[in-house]
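Remember, it's a predicted structure, so these values are computed and weren't measured experimentally. Just so you know, residue 1 is the first one in the sequence shown, and it goes up from there.
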Amino acid sequence: MAGFLWMRLAILVFVATAALHPQRSLAADEDPLQDFCVEDTTQKLHVNGIPCKDPAQVQASDFASDSLKKPGNTSNALGVAVTLANVLTFGGLNTQGVSAARIDFAPHGLNPPHVHPRAPEILFLAKGTLLVGFVTSTPDNKLFAQTIKAGELFIFPRGLVHFQLNVGYDAALAFSAFNIQNPGTSQVAKVLFASTPLIDDAVLEKALQLNAADVQRLRSLISKT
């Protein structure tokens, strides 16, 4: 069963890199200038990307990772655990234009509304039943939502708010792939109510038509998620 899931994940990664951009370099990142550029975690340079390890120091293990092997801990307020395999956790992905994630859901668990600013997401549901959806940009703000079951795929367009809710009575498991080494994630509620530093209360009160007490209550609740 585990081998079957990993085969599906490999296919999912291929779809994310090939099908989403058939007309260009097969990835949202720029084309690499060498065969590989394994992340050098010892460098402190701030560049658009991540510095490369000396090729002479690269080993086969740099291209392997077990980061998505184990279930995540869903014992939290949202009942979800997102485990990333991106360039920040898997150095061999640097310059390869691909990344992945494992999403574990407790019964009724929610991966809350969020966006990936740098890439679309293709999700493969390995186990369970999910209500998934995304909302288009202004002025339409149209919701596209559908219930999917094990073995099915769903695509979330780049930069659009989207979510996944476990509507089954059992745990669910999904894998996602992205055509970039680090798609980024912004969770809507935390962006608004748990930024650093905090957004001025007056902005939230006016924009969301809340009173001061509502803002403080939401700050407290969202800080626990």
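- In this structure, CZ in Phe163 is found 14.0 Å from CD in Gln187, a value given to the nearest 0.5 Å.
- At distances below 3.5 Å, at least one donor-acceptor pair connects side-chain atoms of Thr89 with backbone N or O atoms of Asn86.
- Put simply, the side chain of Ile50 reaches to within 4.5 Å of the side chain of Leu88, judged on heavy atoms.
- By the rule that hydrophobic residues join a cluster once side-chain heavy atoms approach within less than 4.5 Å of another member, Leu210 and Val203 end up as members of one cluster.
- Checking side-chain atoms of Arg102 against main-chain N and O of Ala174 turns up no donor-acceptor pair under 3.5 Å.
- Contact check for Leu192 versus Val188: side-chain heavy atoms found under the 4.5 Å cut-off.
- Separation of the Phe124 and Phe175 ring centroids does not fall under the 6.0 Å cut-off.
- In terms of modelled atom types and a separation under 3.5 Å, the side chain of Arg118 and the main chain of Asn182 share a donor-acceptor contact.
- Here the closest non-hydrogen pair linking Ser99 and Gln181 is CB-O, 3.6 Å.
- Note that CG of Asp170 and NE2 of His108 are 9.0 Å apart. Values are rounded to the nearest 0.5 Å.
- For an aromatic pair to be called close, the ring centres must be under 6.0 Å apart, and His116 with Phe178 satisfies this.
- Within the model, atoms OG1 of Thr136 and CG of Leu160 stand 7.0 Å from one another, a figure rounded to the nearest 0.5 Å.
- The side-chain heavy atoms of Val82 and Asn111, taken from C-beta on, include a pair separated by under 4.5 Å.
- Distance alone, capped at 3.5 Å, places no donor-acceptor pair between the Thr129 side chain and the Val167 backbone.
- Using a 4.5 Å heavy-atom cutoff, the side chains of Asp54 and Asp40 are not in contact.
- Between the side chain of Asp104 and the main chain of Pro71, no donor-acceptor pair closer than 3.5 Å is present.
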*Glu121 and Ser176: side-chain hydrogen bond (donor to acceptor under 3.5 Å, both in side chains), yes or no, with the steps?*
CA-CA 6 Å; Glu121 172 185 359; Ser176 290; 2.5 Å; yes
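- In this structure, Glu205 and Asp214 have side chains that are not in contact, with every pair of non-hydrogen atoms separated by 4.5 Å or more.
- By the criterion of side-chain heavy atoms lying less than 4.5 angstrom apart, applied directly or through intervening Ile, Leu, Val, Met, Phe, Trp or Tyr residues, Ile103 is grouped together with Ile148 in one hydrophobic cluster.
- One N or O on the side chain of Asn76 and one on the backbone of Val80 form a donor-acceptor pair closer than 3.5 Å.
- No donor-acceptor contact under 3.5 angstrom links the side chains of Asp62 and Gln57, judged on distance only.
- Here the CZ-NZ distance, from Phe36 to Lys53, works out to 10.0 Å after rounding to the nearest 0.5 Å.
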*Apply salt bridge (Lys or Arg N to Asp or Glu O under 4.0 Å) to Asp201 and Arg219, showing your working.*
CA-CA 10 Å; Asp201 287 5; Arg219 287 199 194 282; 2.7 Å; yes
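- Side-chain atoms of Ser195 come within 3.5 Å of backbone atoms of Ile199 as a donor-acceptor pair (strictly under, hydrogens ignored).
- Looking at residues two or more places apart in sequence or on another chain, you find a ring pair (Phe, Tyr, Trp, His ring centres under 6.0 Å) between Phe156 and Phe154, His162.
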*Does the side chain to side chain contact (heavy atoms under 4.5 Å, CB included) test come out yes or no for Leu208 and Phe193, once each step is laid out?*
CA-CA 12 Å; Leu208 303 176; Phe193 293 98; 3.6 Å; yes
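- Counting all heavy atoms, side chain and backbone alike, Ala119 lies closest to Pro183 at CB-CB, 3.9 Å.
- Tracing side-chain contacts under 4.5 Å through hydrophobic residues (I, L, V, M, F, W, Y), one never reaches Leu123 starting from Val115; they form parts of separate clusters.
- Among residues two or more places apart in sequence or in another chain, the side chain to side chain contact (heavy atoms under 4.5 Å, CB included) test is passed with Val135 by Asn141, Leu143.
- One finds the OG1 atom of Thr185 at 6.5 Å from the CG atom of Leu84 (value rounded to the nearest 0.5 Å).
- Shortest non-hydrogen contact noted between Ser67 and Thr83 is O-CG2, 3.1 Å.
- Taken together through direct or relayed side-chain contacts under 4.5 Å among Ile, Leu, Val, Met, Phe, Trp and Tyr, Phe105 and Leu131 form parts of separate hydrophobic clusters.
- The side-chain hydrogen bond (donor to acceptor under 3.5 Å, both in side chains) search around Arg217 returns none, not counting sequence neighbours.
- A pairwise comparison of heavy atoms in Ile155 and Pro120 identifies CD1-CB, 4.3 Å as the closest pair.
- A donor-acceptor pair is defined here as one N or O able to donate and one able to accept, closer than 3.5 Å; such a pair exists between the side chain of Asn94 and the backbone of Cys37.
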*Given Val58 and Phe63, is the side chain to side chain contact (heavy atoms under 4.5 Å, CB included) satisfied, shown in steps?*
CA-CA 9 Å; Val58 172; Phe63 302 100; 3.5 Å; yes
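- Under a 3.5 Å cut-off, the side chain of Glu152 and the backbone N or O of Lys149 do form a donor-acceptor pair.
- Checking side-chain atoms of Asp140 against main-chain N and O of Lys142 turns up no donor-acceptor pair under 3.5 Å.
- Of all heavy-atom pairs between Gly128 and Ala172, the closest is CA-CB, 4.1 Å.
- A distance of 10.0 Å separates CG of Asn166 from CG of Leu110, quoted to the nearest 0.5 Å.
- No chain of hydrophobic side-chain contacts below 4.5 Å, direct or via other Ile, Leu, Val, Met, Phe, Trp or Tyr residues, connects Val38 to Val87.
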